[in-house]
Structures are given as structure tokens and as C-alpha cells.
Engineer: 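Encoded as C-alpha cells, here's the structure I'll be asking about.
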Amino acid sequence: MKHMIIDGISCEFEKERNVLEVARRNGIDIPNLCYCENLSIYGGCRLCVVENERGGIDASCTIVPKDGMVINTNTAKLRKYRRSILELLLASHRAECTTCDMSGKCKLQEYANRYGVHEVRFENNYCKEPIDNSSPSIVRDPSKCILCGKCVRACAEHQGLDVYGFINRGFNTVVGPAFNLGLGDVTCSLCGQCSAVCPTAAITEKDDTEKVFDAIGDPEKFTVVQTAPAVRVALGEALGLPAGEIVTGKMVAALRKLGFDKVYDTNFSADLTIMEEGTEFLHRIKNGGLLPMITSCSPGWINFIEMKYPDLLGHLSTAKSPQGMFGALMKTYEPERLGIPVEKIYSVSIMPCTAKKSECVRPQLQSNPGIPDVDAVLTTRELARMIKNAGIDFKNLPEEDYDDPLGTSTGAAAIFGATGGVMEAALRTVHFVLTGKEIEGIVFTPVRGMEGIKEASVDVPVDGKTVTVKLAVAHTLKNARILMDKIRAGEADYHFIEVMACPGGCIGGGGQPQPVNAQIRAARTAAIYKVDETSKLRQSHNNPQIKEIYKQYFGEPCGEKSHKLLHTHYTAQKREI
């Protein structure tokens with residue numbers, strides 16, 4: 001280990017790429033707005049400046065640490081410098097803090113308070129570009145942008161889409177899509193990773209909380225809600241609990257306090273997805289269907305392939321996502337079971353994902369013509385705001401259980417929230433269907449972990465022969481592109497591919513609480529696997545309510561009725577750029 005002195009403290013370092021990371025590792029907080037540990041170094045905001053022993057000043061995110069280096073982070077010169085920077089940023093920022101979605105969480109607000117910036121000497125000249133409300137998922141407000149460039153780099157480096165860029169020069173610089181087009185007009189996957197890194201409220205999810213509050217308060221509506229696997233391990237962060245805290249029971253209690261008539265679990269339909277998708281995969285293997293088959297759970301990924309690889313749409317599983325399947329049940333099975341007219345049921349999803357908002361408005365997801373299967377999607381962040389709005393003391397809520405029968409699920413469904421989870425869950429069931437025996441060593445570690453692309457193989461018996469099934473798992477659209485290019489070039493020999501649009505899978509979704517970094521993703525992922533490990537049932541085919549719904553309603557996986565309600569189709573999307 002090497003050492004450097006920061007504020008008189010001897011700090012160890014080894015592989016850190018800059019002084020800022022050395023300081024963080026040693027518990028020293030250097031302010032910054034444009035830095036993100038898993039993005040390239042930009043050095044634009046200059047708030048992270050430090051002073052060396054000779055009085056020189058430079059951005060700590062751009063300084064390579066050296067053994068014996070001495071720096072200070074909080075001198076009088078630095079404090080004056082940072083106040084000036086903050087004043088300049090505030091002078092080009094539309095300040096409406098009391099009504100802003102990021103109030104209390106905004107880094108600009110935090111640093112202004114920290115450095116005592118109570119007055120701004122410069123004339124306010126914020127961007128007057130109109131709010132971009134063109135997409136069903138994301139809202140872009142240029143007047144709150146501080147040009148930190150995080151959205152530009154996240155979109156380019158994680159997703160390979162380059163939707164955002166710097167436009168114009170000097171005081172006229174803005175960040176946005178080319179030619180000032182709206183997000184709804186360009187090849188944006190709506191994954192929301194831009195909103196996940198934005199330090200202000202320049203990019204946020206489209207807020208549907210009031211629409212849901214209105215539905216809950218309408219006596220003519222029967223409101224039902226489903227909660228995705230990754231929400232239960234992240235919601236607590238937005239409500240004062242540590243990263244990775246499993247808050248399932250408290251979340252259920254909070255949703256009941258908000259006034260929902262039924263609280264169900266998307267994990268139930270994740271088990272349903274495995275039954276349908278796994279059966280579809282076996283049909284393709286046995287009958288010479290198009291391979292590799294690719295998962296269709298992630299709507300950001302679906303948007304991406306429809307825009308960028310429409311010639312490969314036949315590789316997608318036709319199974320709807322867990323949200324889509326649950327929505328179909330809410331508008332077909334549940335009206336029959338509960339004796340409630342479908343027109344009165346208002347179905348809400350709590351998702352870690354902004355792209356789920358675009359998924360729910362797809363015309364393919366209408367089991368009854370003209371009636372959406374899912375009426376509204378709230379992100380994890382939106383649910384947290386609703387809980388705060390209602391004055392609910394979340395930390396002290398009792399643990400409550402989901403409503404039956406659509407609240408029963410397995411550990412296999414829980415791991416949908418982490419990259420590789422869908423693949424692992426599918427293997428558990430596919431092995432049983434083929435052999436009649438549970439898979440030995442239920443944990444399939446080759447598809448776990450944060451590598452961008454993971455490859456594995458497993459031997460399975462098919463019609464009396466042993467077949468080596470080759471698998472691949474990718475998270476982020478940049479990695480998905482690598483696999484799609486291999487398929488398009490005829491160089492891929494995979495049988496089954498899982499793709500998730502967001503880093504780490506749904507645990508790192510664009511609608512999850514901020515901040516998001518490697519440590520927080522790791523904590524959420526560990527919690528997801530803990531849910532699986534502590535579950536009484538860990539294979540989708542062993543869910544008793546899944547067995548019952550096939551017996552009573554669907555008949556069999558990929559049968560006529562289930563195919564009609566639980567499967568869909570995809571079409572090419574055409575955008576201007």
C-alpha cells in the first residue's frame with residue numbers, strides 16, 4: 001500500500017484512479033457534482049478542487065495519487081473558490097427549491113448550505129429552453145441543468161446510445177438531444193440512467209403520484225398494486241434506512257395505509273414468467289425454433305432492440321414481462337375471481353424502472369380492447385414521496401403480508417431483481433421439467449456477478465440425449481449491443497441470453513433512489529439473494545398458487561389461454577435520430 005497525506009491524515013491507497021477516490025476511501029468528503037466513480041473523468045464542475053503543499057489548486061478528480069503526496073481539502077482559499085463556483089451555478093439555475101422534486105436531496109442545494117452561500121452576486125440567467133415532456137417516462141427541465149455532463153456520459157458509456165450532448169457554446173450551452181429534439185423523438189430507451197445520476201432535478205421520471213392518489217380516493221375505483229422484486233431492497237434508502245435493507249413487510253403496510261384495496265407481489269408473476277418463458281425455451285430447443293432465445297423482461301432493452309436491431313426481434317421470448325403478466329391477470333382473472341367489473345379496477349405497479357411507464361402504454365398490453373392492463377406505474381422514488389406525503393412513519397411500521405393468492409412467490413422470483421437472476425430462475429425450473437428432479441446446487445454462480453457479459457454452459461437431457469446449453473447474460477445496453485452484433489454476424493452459438501438494460505439489473509434501475517454507486521448496488525444485490533436464501537420455496541414450479549392458477553384458469557404453460565393473455569409481440573420503432 002502507498003500513502004499520501006490528506007488534511008494531515010495518512011491515507012492508504014492502491015488502485016484508486018484519482019485523489020478524490022483516495023479521500024473517499026479514507027472517509028474524507030470532498031464536494032463534487034460532475035464526478036461518478038463508474039463513468040469517465042470529466043473535471044468540469046471544479047468543486048472538488050484541492051490545494052497542494054505549494055499552494056497550487058487543481059481538481060482532485062483529475063490528479064493521479066502519488067506516494068508521499070500532501071494535499072489539503074478545506075483551506076480558506078478553497079472555501080472561497082467553491083463559494084464562487086456555487087454562485088455561478090446558482091446564477092444559471094432556476095431555483096424553486098421548495099417545490100422541486102429534489103428538494104432535500106439536491107447536491108447543489110446541499111453544497112450551497114454547506115458553504116454558506118446565502119446570496120448570489122450574479123444576475124440570474126437560467127436556460128429558457130422549454131421543458132421536454134415528450135416521452136411517457138422521463139421529463140427534462142433544462143432550466144435546472146448545471147452542465148455536469150453526468151447524463152451525457154451515462155448514456156454514452158453505459159448504454160452506448162449517445163442521446164445527450166452539449167449544444168452551443170459559452171453561456172448558451174445546454175445539454176439535450178441533437179437538434180433540440182424531445183426524448184420521445186430520438187432513440188432513447190427510456191431506461192432512466194440519466195435521471196439516476198442527475199444531481200439536480202434537470203432529469204426526472206414523469207410524476208404520476210397525484211394520478212394514483214386520485215384513484216385511491218375515488219370510491220368508484222378498486223385499486224390494486226403490485227411491487228417489483230428490486231423495490232423491496234431499495235425503498236428504505238429513500239426513507240432513512242441503510243442501503244440493502246429488506247423492507248418488504250413495511251412496504252406492504254405502507255401501501256395499505258395509503259389506501260390500496262389489494263396489495264399484491266410482482267414476484268408472483270415473475271414465477272409465472274419462468275413457467276411461460278422456460279416452456280417456450282424448451283419448445284424452441286425441441287422443435288428447432290429460432291435461437292438464441294432472448295429474455296423480454298426489461299422494457300428499456302425492448303425499446304433498444306426495437307429501435308436498433310429490429311431484424312432480430314424474432315429472437316425475443318414472446319412472454320410478457322412480470323409487470324405485463326400481472327397486469328393481464330388484474331384485468332381478466334381478478335375481475336372474475338372478485339366479481340368486480342374490469343372498468344372499476346385501477347391497477348398500479350411499483351417499479352425500479354422508468355421504462356416501465358412506457359411499457360404500460362403499449363397497445364399490445366390491453367387484454368380488453370381500449371383498457372390498459374396497468375393504469376399507472378410509480379418508480380421506487382415516487383412511492384417514497386407518496387409515503388412521505390401521507391405522513392407515514394415508515395421506520396416504525398409493523399411487518400404485513402401480501403394479499404393472497406397473488407402475493408405468494410418463490411426465491412426464484414426474487415432474484416429477477418439482479419443481473420443473471422432470470423437466467424438462474426429459469427434453469428431451476430427447466431432442469432426440473434426435463435428431468436423430474438430438482439437441480440443439484442440450486443445456486444448457479446456462473447451467471448452471478450457484475451461482469452458486463454457473463455457466459456456459461458449447462459448440460460441438460462433432451463429427448464434422451466445430453467445437450468450442452470450455452471448461456472449469456474448482459475447488463476447495460478452497451479454490453480447488449482456486443483451480443484446483438486455477434487448474433488447479427490452469425491458468430492453467436494448461444495441458446496439462451498438474458499439482457500437487462502440497467503447496470504446490475506433492476507437493483508440499479510433508473511427509478512431507484514439516489515445515490516447509486518458500486519457499494520449500494522452490491523448491498524441491494526446481496527439483499528436480493530438473501531430474500532432467495534431465506535425463502536421456503538426457491539423454484540417457480542413449486543409455487544402452490546402458480547400450480548393452482550394453471551389448474552383453474554390457464555390449463556398449461558404456453559397453452560392456448562396463457563399464450564393469448566401472457567404473451568405478446570414486438571415491432572420496429574422508428575425515431576428521427
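Bear in mind the structure is a predicted one, so any value in this text is a computation, not a measurement.
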Engineer: Indicate yes or no for a side-chain donor-acceptor contact from Gln512 to the backbone of Arg381 under 3.5 Å, with no hydrogens or angles considered.
Structural biologist: no

Engineer: Return the CZ to CG distance between Arg385 and Leu239, rounded to the nearest 0.5 Å.
Structural biologist: 11.5 Å

Engineer: Taking all non-hydrogen atoms of both residues into account, name the closest pair between Met325 and Lys320 and its distance.
Structural biologist: CE-O, 3.6 Å

Engineer: Can Glu438 and Asn542 be counted as having a side-chain donor-acceptor contact under 3.5 angstrom?
Structural biologist: yes

Engineer: Would you say the side-chain atoms of Thr568 and Gln364 include a donor-acceptor pair closer than 3.5 Å?
Structural biologist: no

Engineer: Just say parallel, tilted or perpendicular for the rings of Phe304 and Tyr309, cut-offs at 30° and 60°.
Structural biologist: tilted

Engineer: From Asp185 CG over to Ser134 OG, what is the distance, rounded to the nearest 0.5 angstrom?
Structural biologist: 5.0 Å

Engineer: Check for a donor-acceptor pair, side chain of Ser298 on one end and backbone N or O of Met500 on the other, with a separation under 3.5 Å.
Structural biologist: no

Engineer: Under the side chain to side chain contact (heavy atoms under 4.5 Å, CB included) rule, what do Ile246 and Lys530 come out as? Steps first, then yes or no, please.
Structural biologist: CA-CA 9 Å; Ile246 302 169; Lys530 184 177 180 181; 4.0 Å; yes

Engineer: Check Asp265 against Phe326 and note the closest heavy-atom contact, atom names and distance.
Structural biologist: O-CE1, 3.1 Å

Engineer: Measuring only between side-chain heavy atoms, which start at C-beta, is Thr200 closer than 4.5 Å to Cys198?
Structural biologist: yes

Engineer: Answer whether the closest heavy-atom distance between the side chains of Leu161 and Leu477 falls below 4.5 Å.
Structural biologist: yes

Engineer: Check Glu359 with Arg362, please: is the shortest side-chain N to carboxylate O separation under 4.0 Å?
Structural biologist: no

Engineer: Distance alone, cut at 3.5 Å: any donor-acceptor contact between the side chains of Glu205 and Ser195?
Structural biologist: no

Engineer: Any ion pair linking Lys250 and Asp393 (charged N to carboxylate O, less than 4.0 Å)?
Structural biologist: no

Engineer: Assess the side chains of His567 and Thr318: does a donor N or O sit below 3.5 Å from an acceptor N or O?
Structural biologist: yes

Engineer: Can you tell whether the side chains of Glu382 and Lys357 come within less than 4.0 Å, N to carboxylate O?
Structural biologist: yes

Engineer: Are Arg448 and Tyr529 in a cation-pi setup, meaning NZ or CZ lies under 6.0 angstrom from the ring centre and within 45 degrees of the ring axis?
Structural biologist: yes

Engineer: Would you call Lys478 and His158 a side-chain contact if the rule is heavy atoms closer than 4.5 Å?
Structural biologist: no

Engineer: Assess the side chains of Glu556 and Ser562: does a donor N or O sit below 3.5 Å from an acceptor N or O?
Structural biologist: no

Engineer: Can you confirm whether more than 12 heavy atoms, excluding those of Lys257, are under 6.0 Å from its NZ atom?
Structural biologist: no

Engineer: Just by distance, no angles: are the side chains of Asp375 and Ser347 close enough, under 3.5 Å, to form a donor-acceptor pair?
Structural biologist: no

Engineer: How about Ser409 and Asp271: does a side-chain donor come under 3.5 Å of a side-chain acceptor?
Structural biologist: no

Engineer: Give, for atom OG of Ser540 and atom CZ of Phe268, the distance between the pair rounded to the nearest 0.5 Å.
Structural biologist: 10.5 Å

Engineer: Has His475 got a side-chain atom pairing as donor or acceptor with Met450's backbone, closer than 3.5 angstrom?
Structural biologist: yes

Engineer: State, with a plain yes or no, whether a side-chain heavy atom of Lys144 is found less than 4.5 Å away from one of Cys100.
Structural biologist: yes

Engineer: Is Lys331 reaching over with its side chain to a backbone N or O of Pro372, donor-acceptor style, under 3.5 angstrom?
Structural biologist: yes

Engineer: Could you verify whether a donor N or O on one side chain and an acceptor N or O on the other, from Glu498 and Thr295, lie under 3.5 Å apart?
Structural biologist: no

Engineer: Of Asp261, Asp403, Asp401, which is the lone residue that meets salt bridge (charged side-chain N to carboxylate O under 4.0 Å, His left out) with Arg256?
Structural biologist: Asp403

Engineer: Measure across Asp404 and Arg337 and return the closest heavy-atom pair with its distance rounded to 0.1 Å.
Structural biologist: O-NH2, 3.9 Å

Engineer: Just by distance, no angles: are the side chains of Asn479 and Thr476 close enough, under 3.5 Å, to form a donor-acceptor pair?
Structural biologist: yes

Engineer: Determine whether the side chains of Ser317 and Glu280 contain a donor N or O and an acceptor N or O closer than 3.5 Å.
Structural biologist: yes

Engineer: With heavy-atom distances below 4.5 Å as the criterion, would you say the side chains of Val231 and Met251 are in contact?
Structural biologist: yes

Engineer: Would you please say whether a donor-acceptor pair under 3.5 Å links the side chains of Gln193 and Gln159?
Structural biologist: no

Engineer: Considering non-hydrogen atoms only, spot the tightest contact between Val499 and Ala480 and give its length.
Structural biologist: CG1-CB, 3.7 Å

Engineer: Under 3.5 Å, is there a donor-acceptor pair linking the side chains of Tyr494 and Glu455?
Structural biologist: yes

Engineer: So for atom NZ, which belongs to Lys561, do other residues, nucleotides or ligands contribute more than 12 heavy atoms lying within a distance under 6.0 Å?
Structural biologist: yes

Engineer: Please name the residue in the list Thr408, Asn267, Thr248, Thr227 that meets the side-chain hydrogen bond (donor to acceptor under 3.5 Å, both in side chains) test with Tyr402.
Structural biologist: Thr227

Engineer: Are Lys262 and Phe222 in a cation-pi setup, meaning NZ or CZ lies under 6.0 angstrom from the ring centre and within 45 degrees of the ring axis?
Structural biologist: no

Engineer: Does Lys388 reach the main-chain N or O of Ala238 with its side chain, forming a donor-acceptor pair under 3.5 Å?
Structural biologist: yes

Engineer: Can a donor-acceptor pair be found between the side chains of Ser189 and Asn303 at a distance below 3.5 Å?
Structural biologist: no

Engineer: If you look at every heavy atom in Ser321 and Thr273, which pair is closest and at what distance?
Structural biologist: C-OG1, 4.1 Å

Engineer: CG of Leu183 to OG of Ser135: how many Å apart, nearest 0.5 Å?
Structural biologist: 5.5 Å

Engineer: Evaluate the side-chain proximity of Val473 to Phe496: yes if any heavy-atom separation is below 4.5 Å, no if none is.
Structural biologist: no

Engineer: Any donor and acceptor pair, going by atom type alone, linking the side chain of Arg521 with main-chain N or O of Gly504 inside 3.5 Å?
Structural biologist: no

Engineer: Is there a donor-acceptor pair under 3.5 Å between the side chain of His315 and the backbone N or O of Pro292?
Structural biologist: yes

Engineer: Measure the spacing between OG of Ser535 and CD1 of Ile415 and express it to the nearest 0.5 Å.
Structural biologist: 9.5 Å

Engineer: Might you point out which heavy atoms bring Ala412 and Gln539 nearest each other, and give the distance in Å?
Structural biologist: CB-CA, 4.2 Å

Engineer: Do we see a donor-acceptor contact under 3.5 Å between the side chains of Tyr264 and Glu334?
Structural biologist: yes

Engineer: With a 4.0 Å cut-off on N to O distance, would you call Lys211 and Asp208 a salt bridge?
Structural biologist: yes

Engineer: Check whether any side-chain heavy atom of Met484 lies under 4.5 Å from a side-chain heavy atom of Ile294, and answer yes or no.
Structural biologist: yes

Engineer: Measuring only between side-chain heavy atoms, which start at C-beta, is Glu276 closer than 4.5 Å to Leu566?
Structural biologist: yes

Engineer: Keeping the roles fixed (side chain from Thr429, backbone from Ala426), state whether a donor-acceptor pair exists under 3.5 Å.
Structural biologist: no

Engineer: Return the CD1 to CG distance between Ile345 and Asn368, rounded to the nearest 0.5 Å.
Structural biologist: 9.5 Å

